[in-house]
Number of protein chains: 2
Amino acid sequence: MLQAAIRVLQAQGYKITEPRKQVLEVLEGAQKPLSPYDIQSFLKQKGKYLNHVTIYRILDLFCSLNLAHKVLSIGGFVKCSLGTAEGCHRFMVCHQCGAIQEFADKELCQGEDAFTRNLGFHTKYHLSESSGLCADCFRKQFEEQKLG
Amino acid sequence: MLQAAIRVLQAQGYKITEPRKQVLEVLEGAQKPLSPYDIQSFLKQKGKYLNHVTIYRILDLFCSLNLAHKVLSIGGFVKCSLGTAEGCHRFMVCHQCGAIQEFADKELCQGEDAFTRNLGFHTKYHLSESSGLCADCFRKQFEEQKLG
DNA sequence: GGCTGATTGCAACATTGTTGCATCTAGCTT
DNA sequence: AAGCTAGATGCAACAATGTTGCAATCAGCC
Ligand SMILES: [Mn+2]
Ligand SMILES: [Mn+2]
Ligand SMILES: [Zn+2]
Ligand SMILES: [Zn+2]
């Protein structure tokens with residue numbers, strides 16, 4: 001929800017500006033991760049103009065507040081769809097349609113921490129992006145196989 | 001070992017060229033992930049010259065053969081230090097000194113697969129980079145705290 | 001020692017990301 | 001409601017990273 005993000009910004013003393021609202025809106029509506037320049041193009045289609053530097057700075061801010069994430073395997077940004085209390089946020093990326101699903105699981109984090117601790121490391125943060133097929137794309141591919 | 005990588009190249013019918021050997025050598029000696037341009041600089045110091053396009057193409061090849069990996073959280077390449085049979089390869093990244101340790105663990109993969117399967121996804125590949133402090137950097141930081 | 005397809009170099013270009021500074025404005029103060 | 005000001009945006013210039021097509025070269029074969 002857009003309002004939730006706006007409250008976070010206000011609570012941290014950040015101003016609610018047109019550019020910030022516009023980037024939020026684009027991320028809300030997106031079906032897949034968007035690069036800063038993707039976001040600029042989206043807005044241009046709606047007759048809005050934002051300088052790309054502004055978009056970079058807004059995305060930096062959003063990421064620092066956990067309102068957005070950069071999906072590194074894609075190089076694009078998504079809005080965060082989880083609360084902030086649930087530990088580290090993980091992604092499932094469909095390499096067919098590009099769809100993203102965010103999730104969190106403490107057991108996975110604990111497993112990684114335990115394993116790395118045995119190697120002498122002190123883990124603070126987990127980056128995890130599982131790639132494969134979403135339910136829709138899997139079904140489509142399955143039915144194509146039946147036909148072909 | 002450099003010889004192992006060379007055998008992989010030969011086995012797949014790729015030529016053993018000076019540029020490929022040089023990139024292999026740099027990756028072998030590196031203590032942290034290197035970007036293509038980092039590799040070019042390293043070589044320039046040794047009096048060698050490689051065009052950056054060549055380095056990009058060599059790294060693409062190495063990654064496709066699992067001789068190297070791109071560490072996305074850093075944007076640099078490391079040589080693969082594991083065999084190819086052990087499933088997906090994971091990284092621990094020290095955010096202090098940049099050191100990398102590669103590892104593999106089937107249980108972690110299975111845990112991720114199980115969790116994403118419940119969300120309807122069919123996972124094929126895991127990207128996992130845990131960041132924190134390596135043993136050395138942790139010890140240093142610990143001793144600084146005692147003093148300060 | 002030549003042949004040839006694979007590899008590299010080069011030039012030109014595209015994309016992505018960064019910095020410093022001038023200008024503007026959201027939200028506060030009066 | 002108008003003014004003030006720190007914070008936000010725009011702009012210009014630049015830096016870094018990555019890509020493409022094609023000509024020149026060379027590794028591994030005969
Ligand atoms: Mn999140
Ligand atoms: Mn590996
Ligand atoms: Zn899909
Ligand atoms: Zn370290």
Side-chain angles (χ1 to χ4, degrees), chain A residues 2-3 5-26 32-44 46-65 67-78, chain B residues 2-3 5-27 32-44 46-65 67-78 98:
Chain A
L2 198 134
Q3 289 308 318
I6 288 182
R7 271 193 297 274
V8 171
L9 289 173
Q10 280 174 332
Q12 306 291 329
Y14 294 102
K15 293 179 176 172
I16 308 307
T17 65
E18 266 312 304
R20 284 173 183 167
K21 283 192 283 187
Q22 286 167 17
V23 171
L24 271 178
E25 225 171 284
V26 172
K32 55 178 77 168
L34 301 178
S35 77
Y37 289 95
D38 289 339
I39 293 172
Q40 193 178 43
S41 303
F42 261 74
L43 288 169
K44 201 167 285 176
K46 298 202 287 176
K48 322 270 192 183
Y49 170 76
L50 288 188
N51 189 277
H52 71 278
V53 180
T54 301
I55 299 175
Y56 274 94
R57 295 197 268 228
I58 288 174
L59 290 170
D60 280 350
L61 176 66
F62 287 0
C63 287
S64 76
L65 297 173
L67 298 173
H69 298 286
K70 184 166 193 178
V71 180
L72 293 182
S73 62
I74 305 291
F77 293 82
V78 292
Chain B
L2 197 133
Q3 289 309 318
I6 288 183
R7 270 194 297 275
V8 171
L9 289 173
Q10 281 174 332
Q12 306 291 328
Y14 293 103
K15 293 179 177 174
I16 309 305
T17 65
E18 266 312 302
R20 283 172 183 167
K21 283 192 284 187
Q22 287 167 17
V23 172
L24 270 178
E25 225 172 284
V26 172
L27 289 182
K32 53 178 78 168
L34 301 177
S35 77
Y37 289 95
D38 289 339
I39 292 172
Q40 193 177 45
S41 303
F42 261 74
L43 288 169
K44 201 168 286 177
K46 298 203 285 176
K48 321 269 191 182
Y49 170 77
L50 288 189
N51 189 278
H52 72 277
V53 180
T54 301
I55 299 176
Y56 274 95
R57 294 196 269 227
I58 289 175
L59 290 170
D60 281 350
L61 175 66
F62 286 1
C63 287
S64 77
L65 296 173
L67 297 174
H69 298 286
K70 183 166 193 180
V71 180
L72 292 181
S73 61
I74 305 289
F77 293 82
V78 293

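Throughout, protein chains are lettered first and strands after them, A, B, ... in sequence-line order, and every chain is numbered starting at 1.
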Side chains of [X] and [Y]: does their closest heavy-atom pair fall under 4.5 Å?
X: B:Leu50; Y: B:Ile39; result: no
X: A:Ile58; Y: A:Leu24; result: no
X: B:Phe62; Y: B:His69; result: no
X: A:Phe77; Y: A:Val23; result: no

Which whole-number value in Å describes the distance from [X] [atom1] to [N] [atom2]?
X: A:Lys21; N: D:dA8; atom1: NZ; atom2: P; result: 15 Å
X: B:Asn51; N: D:dA24; atom1: CG; atom2: C1'; result: 13 Å
X: B:Ile55; N: D:dT19; atom1: CD1; atom2: C1'; result: 15 Å
X: B:Lys15; N: D:dT25; atom1: NZ; atom2: C1'; result: 10 Å
X: A:Gln12; N: C:dG27; atom1: CD; atom2: C1'; result: 17 Å
X: B:Ile58; N: C:dG9; atom1: CD1; atom2: C1'; result: 12 Å
X: B:Ile74; N: C:dG17; atom1: CD1; atom2: C1'; result: 17 Å
X: B:Gln22; N: C:dT8; atom1: CD; atom2: C1'; result: 12 Å

* Evaluate the ring planes of A:Tyr56 and A:Tyr37, with Trp represented by its six-membered ring, and classify them as parallel (under 30°), tilted (30 to 60°) or perpendicular (over 60°). => perpendicular
* Starting at the 5' end of DNA chain C and moving along, which residue's nearest nucleotide shows up first, B:Tyr49 or B:Gly13? -> B:Gly13
* Asked: If you take atom types as modelled and just measure distance, does the side chain of A:Arg57 reach the base of C:dG17 with a donor-acceptor pair under 3.5 Å?
  -> no
* Examine the base of C:dT18 for any acceptor or donor lying under 3.5 Å from a partner atom in the side chain of A:His52, and report the outcome as yes or no. => yes
* Using heavy atoms to find the nearest nucleotide of DNA chain D for B:Asp60 and A:Pro19 separately, return the residue whose nucleotide is more 5′. =>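 Nearest-nucleotide comparison on DNA chain D picks A:Pro19.
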* Structure fact -> Ranking B:Val53 and B:Gln10 by the position along DNA chain D of their nearest nucleotide, the one closer to 5' is B:Val53
Ignoring backbone atoms, test whether [X] places a side-chain nitrogen or oxygen under 4.0 Å from the OP1 or OP2 oxygen of [N].
X: A:Ser35; N: C:dT15; answer: no
X: B:Tyr37; N: D:dT17; answer: no
X: A:Thr17; N: D:dT9; answer: yes

* Tell me what B:Tyr14 touches on the nucleic acid: a base, only sugar-phosphate, or nothing, going by heavy atoms under 4.0 Å. => sugar-phosphate
* Look at all strands and tell whether A:Lys48 reaches a base, only sugar-phosphate, or nothing, counting heavy atoms closer than 4.0 Å. =>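 It contacts nothing in the nucleic acid.
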